[in-house]
Amino acid sequence: MGAIQLKNVTKKFGDQMVIDDLNLSIEDGSFTVLVGPSGCGKSTTLRMITGLDEPTSGDIYIDGKKINDLTPGKRDIAMVFQNYALYPTMTVRENIEFGLENKKVPKEERKKRVQEICEVVGLTQYLDRKPATLSGGQRQRVALARAMVKQPKVFLMDEPLSNLDAKLRGQMRVEISKLHQRLETTIIYVTHDQTEAMTLGTRIVVMKDGVIQQVDTPQNLYEKPQNLFVAGFMGSPQMNFLDAVVRINGTAVTLEVAGQSIPLPPAKAKKLIDGGYNGKTVVMGIRPEDVYDSEMFIETAKCVFSSTIKVYELLGAEVFLYFDLGEFPMTARVDPRSNARPGDTVRFAFDVEKIHVFDKE
Ligand code: ADP
Ligand code: MG
């Protein structure tokens, strides 16, 4: 069991409001990722859950029981940090077992649990080594194993992979996912990296300046971002944003962008009609993969632009084309077979079904 609830939690450091009335329910056994830019209050939130920091106001519950007044040791929560400190003079086995000695677990039981957990994280052949002889990824696994062996109700991870190189980070991501499937423990994972959030979380909490922006599945965050911040934060390369003027004519709605009129599909049009947006400037968003340069798509497209390619980036399986529409910089993610090169004037089309519209405020 390990359901967590934060109710009206605020945290101030001096006059600085770091967490502003945070409300969040986390289901037992779920994998939740807190994501947001550096300084938005992710670590502070975790530290309040573990008990390393105290909320200025509000309450925190585990399985319905208020834990505000419990010391960290009594909360049955394990935490893994970015800078995991292993004891250099102890072997891998001793490092992992150490936490259990504190918990007064009998010797035989300790041995069994260490053995089990090392099989899970693939450390069996390193049990007698000292940390200095391990790679970064192996050390990180020891840190994970040391936290897991305590069999906590809740597992908190604060950017545990950010000191690893990209390839290892990818591997460890997969391992952490597998671990979660196997242990079914509640995990709250903090990262500033939206790719990590998208690939790990079954539920993602996007934060900015101590305020939750959206709580959703990775797919919904990507396809239905609720505001400009979420739209810009999730996805790489970032969603393209252009100022657009709304023109409403009966039930037909168009967006005027860079000298073109883009007809909106009915569902999107309705929101603008209901909101009384005629003549107003909004922000139109379109993801790079929804901008096309292929003639096949352009033939049937509802709006076509011309622009000159400024930069061409080949990433193997895909190509990013950078160009401007009016004053707005744009990125298109296209097929690597595209012939477009810097200096070429190319026709582009948007998939109008995939257009997002945001209020400027
Ligand atoms: P994140 O983990 O999202 O990068 P943090 O939770 O570490 O952000 O920090 C949120 C804000 O709180 C930052 O502006 C940071 O400077 C401030 N902060 C964090 N801890 C302290 C502290 N002990 N004293 C004063 N300010 C702090
Ligand atoms: Mg942090």
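Bear in mind that the values here come from a model prediction, so they are computed numbers and not experimental data. Order of listing sets the numbers, starting from 1, for every ligand and every atom in it.
For the pair K65 and Y61, the cation-pi test (distance below 6.0 Å, angle within 45°) is failed.
For the side chain to side chain contact (heavy atoms under 4.5 Å, CB included) with V174, the qualifying choice from Q171, K178, M172 is K178, the only one to do so.
Here's the thing with V18: none of its N/O atoms is less than 3.5 angstrom from an N/O atom of ligand 1. Residue C40 has at least one N or O atom closer than 3.5 Å to an N or O atom of ligand 1.
Cluster membership check: V215 does not share its hydrophobic cluster with F229, using side-chain heavy-atom separations under 4.5 Å among Ile, Leu, Val, Met, Phe, Trp and Tyr.
Ranking protein heavy atoms by distance to atom 9 (O) of ligand 1, first place goes to T44 OG1, 3.8 Å. Distance from atom 24 (N) of ligand 1 to its nearest protein heavy atom, with residue and atom name: F13 CD2, 3.4 Å. Ranking protein heavy atoms by distance to atom 8 (O) of ligand 1, first place goes to G41 N, 3.3 Å.
Within a 6.0 Å radius of CD in Q219, other residues, nucleotides and ligands contribute 12 heavy atoms or fewer. Within a 6.0 Å sphere centred on CG of D274, heavy atoms belonging to other residues, nucleotides or ligands number more than 12. The number of heavy-atom neighbours closer than 6.0 Å to CZ of R337, taken from other residues, nucleotides and ligands shown, is 12 or below.
Between K310 and D324 there is a salt bridge, with a side-chain nitrogen of the basic residue lying less than 4.0 Å from a carboxylate oxygen of the acidic one.
Heavy atoms of Q16 found under 4.0 angstrom from ligand 1 belong exclusively to the side chain.
Counting only heavy atoms, the protein never gets under 4.0 Å from atom 16 (O) of ligand 1.
Metal site remark for the Mg ion (ligand 2): S43 contributes an N, O or S atom at a distance under 2.8 Å.
Closest heavy-atom approach to atom 4 (O) of ligand 1 within the set S43, P37, G39: this belongs to G39.
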